[in-house]
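Please read the structure below before turning to the comments.
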Amino acid sequence: MKKLRVNIWKTELSLLLLMVVLFTLFYCSIGDIFNFFVTKNYIIIAAFSSLTILFTALVPSTFKLEYNSTEFYMTRFGKTKTFKFSEVYYIDDIYTKKHNALTFYTNKGKLLFISNDRDKTLLDIFTQSCKNTVTREQFHSKFPNISL
């Protein structure tokens with residue numbers, strides 16, 4: 001089983017943005033906006049700061065990307081998703097390079113995304129390991145209702 005290094009920065013930035021939004025909503029609804037020097041405000045700020053630090057420290061340990069010759073495993077928050085290379089029907093390399101996330105369709109026409117690894121080798125691994133992939137035109141002829 002080979003492991004890939006995960007790019008955590010996207011996740012960390014979205015987590016920090018979420019915590020700022022939640023803090024703002026929580027503080028505006030419960031905290032005393034006009035009088036900052038109240039003990040309740042200090043407790044709210046300390047609680048959200050400690051939660052943000054805790055989540056920021058724990059999130060990198062919950063993400064893993066692993067693969068072998070037949071399958072790719074993505075673990076997020078303890079849940080492991082398995083992607084079989086034989087079920088990958090089309091890899092959208094244009095979208096993948098533009099948005100920095102591997103985008104592919106299964107043989108049933110289902111769209112799936114995988115956030116790119118730190119070294120950006122995920123696209124190469126999928127193109128080398130997936131033997132059943134087709135061209136853009138062949139995919140569009142089989143699934144005409146899906147716009148690429």
Side-chain angles (χ1 to χ4, degrees), residues 1-31 40-148:
M1 182 93 54
K2 297 176 186 172
K3 294 183 180 183
L4 297 174
R5 293 176 18 181
V6 179
N7 189 1
I8 297 296
W9 293 112
K10 270 189 195 177
T11 309
E12 294 285 341
L13 287 175
S14 59
L15 175 70
L16 288 174
L17 181 66
L18 176 71
M19 290 304 282
V20 167
V21 169
L22 286 176
F23 171 74
T24 305
L25 291 173
F26 192 74
Y27 183 76
C28 289
S29 64
I30 293 178
K40 179 172 55 171
N41 291 345
Y42 293 134
I43 293 171
I44 292 171
I45 291 170
F48 267 94
S49 298
S50 60
L51 281 175
T52 303
I53 291 169
L54 180 71
F55 286 151
T56 305
L58 291 178
V59 162
S61 65
T62 62
F63 286 107
K64 282 191 248 178
L65 297 174
E66 301 171 327
Y67 69 98
N68 58 24
S69 62
T70 59
E71 294 177 330
F72 183 81
Y73 306 98
M74 179 178 64
T75 304
R76 283 197 271 174
F77 301 112
K79 291 184 178 180
T80 302
K81 284 188 177 182
T82 304
F83 304 103
K84 294 184 180 185
F85 291 132
S86 61
E87 293 179 358
V88 175
Y89 191 68
Y90 173 70
I91 300 171
D92 195 352
D93 56 346
I94 298 169
Y95 190 90
T96 298
K97 291 175 183 173
K98 184 177 179 183
H99 295 282
N100 202 17
L102 180 69
T103 307
F104 62 95
Y105 291 87
T106 63
N107 51 6
K108 297 176 183 171
K110 184 177 180 184
L111 173 65
L112 297 170
F113 294 98
I114 300 176
S115 183
N116 220 345
D117 60 321
R118 185 182 290 177
D119 300 328
K120 297 184 177 156
T121 59
L122 198 56
L123 179 62
D124 297 332
I125 291 168
F126 266 75
T127 53
Q128 291 171 359
S129 301
C130 298
K131 307 294 184 207
N132 302 332
T133 56
V134 296
T135 63
R136 191 177 187 93
E137 291 79 23
Q138 290 172 332
F139 177 79
H140 202 38
S141 66
K142 183 174 180 180
F143 300 103
N145 295 334
I146 298 175
S147 62
L148 300 175

Looking at every heavy atom in both [X] and [Y], which two are closest together, and how far apart are they?
X	Y	result
Leu122	Ser115	CD2-O, 3.8 Å
Tyr27	Ile44	CD1-CG2, 4.2 Å
Asn68	Phe85	O-CE1, 3.3 Å
Thr133	Cys130	CG2-CB, 3.6 Å
Pro144	Ser141	CD-O, 4.0 Å

Inset, instruction - For the residue pair Phe139 and Tyr89, categorise the inter-ring angle as parallel (less than 30°), tilted (30 to 60°) or perpendicular (more than 60°). - result: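 Taking Tyr89 first and then Phe139, their aromatic rings sit tilted (interplane angle of 30° to 60°).
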Can you tell me how far the [atom1] atom of [X] sits from the [atom2] atom of [Y], to the nearest 0.5 Å?
X	Y	atom1	atom2	value
Phe23	Cys28	CZ	SG	8.5 Å
Leu102	Thr96	CG	OG1	4.5 Å
Asp117	Met74	CG	CE	12.5 Å
Glu87	Thr70	CD	OG1	11.0 Å
Lys120	Leu4	NZ	CG	14.0 Å
Thr56	Leu15	OG1	CG	5.0 Å

Inset, instruction - Under the side-chain contact (heavy atoms from CB on, under 4.5 Å) rule, collect the residues that match up with Asn145, sequence neighbours excluded. - result: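 Applying side-chain contact (heavy atoms from CB on, under 4.5 Å) to Asn145 gives none.
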Inset, instruction - Please check if the side chain of Ser129 supplies one atom and the backbone of Phe126 the other of a donor-acceptor pair under 3.5 Å. - result: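 Not at all, since once roles are kept as given, no pair shorter than 3.5 Å links the two residues.
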Legend entry - Residue pairs involving residues 121-144 (criterion salt bridge (charged side-chain N to carboxylate O under 4.0 Å, His left out); sequence neighbours excluded):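 Sorted pair list: Asp92-Arg136.
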Legend entry - Tyr90/Phe143 aromatic ring centres below 6.0 Å: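 Centroid distance Tyr90-Phe143: not below 6.0 Å, so no.
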Inset, instruction - Would you check if the distance from the ring center of Phe77 to the ring center of Phe63 is below 6.0 Å? - result: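 Close enough - the centres of the two rings lie under 6.0 Å apart.
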Inset, instruction - Quickly, which of Ile53, Leu51, Thr24 forms a side chain to side chain contact (heavy atoms under 4.5 Å, CB included) with Met19? Name it, please. - result: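 In the set Ile53, Leu51, Thr24, the residue that makes a side chain to side chain contact (heavy atoms under 4.5 Å, CB included) with Met19 is Leu51.
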Is any side-chain heavy atom of [X] less than 4.5 Å from a side-chain heavy atom of [Y]?
X	Y	answer
Thr127	Asp93	no
Val88	Phe83	no
Ser86	Asn132	yes

Inset, instruction - Can you tell me which residue pairs pass the side chain to side chain donor-acceptor pair (under 3.5 Å) test with a partner in residues 97-109, sequence neighbours excluded? - result: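 Residue pairs with at least one partner in residues 97-109: Asn100-Asn116.
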Legend entry - Check against side-chain contact (heavy atoms from CB on, under 4.5 Å), Phe72 and Ile114: CA-CA 10 Å; Phe72 183 81; Ile114 300 176; 3.7 Å; yes
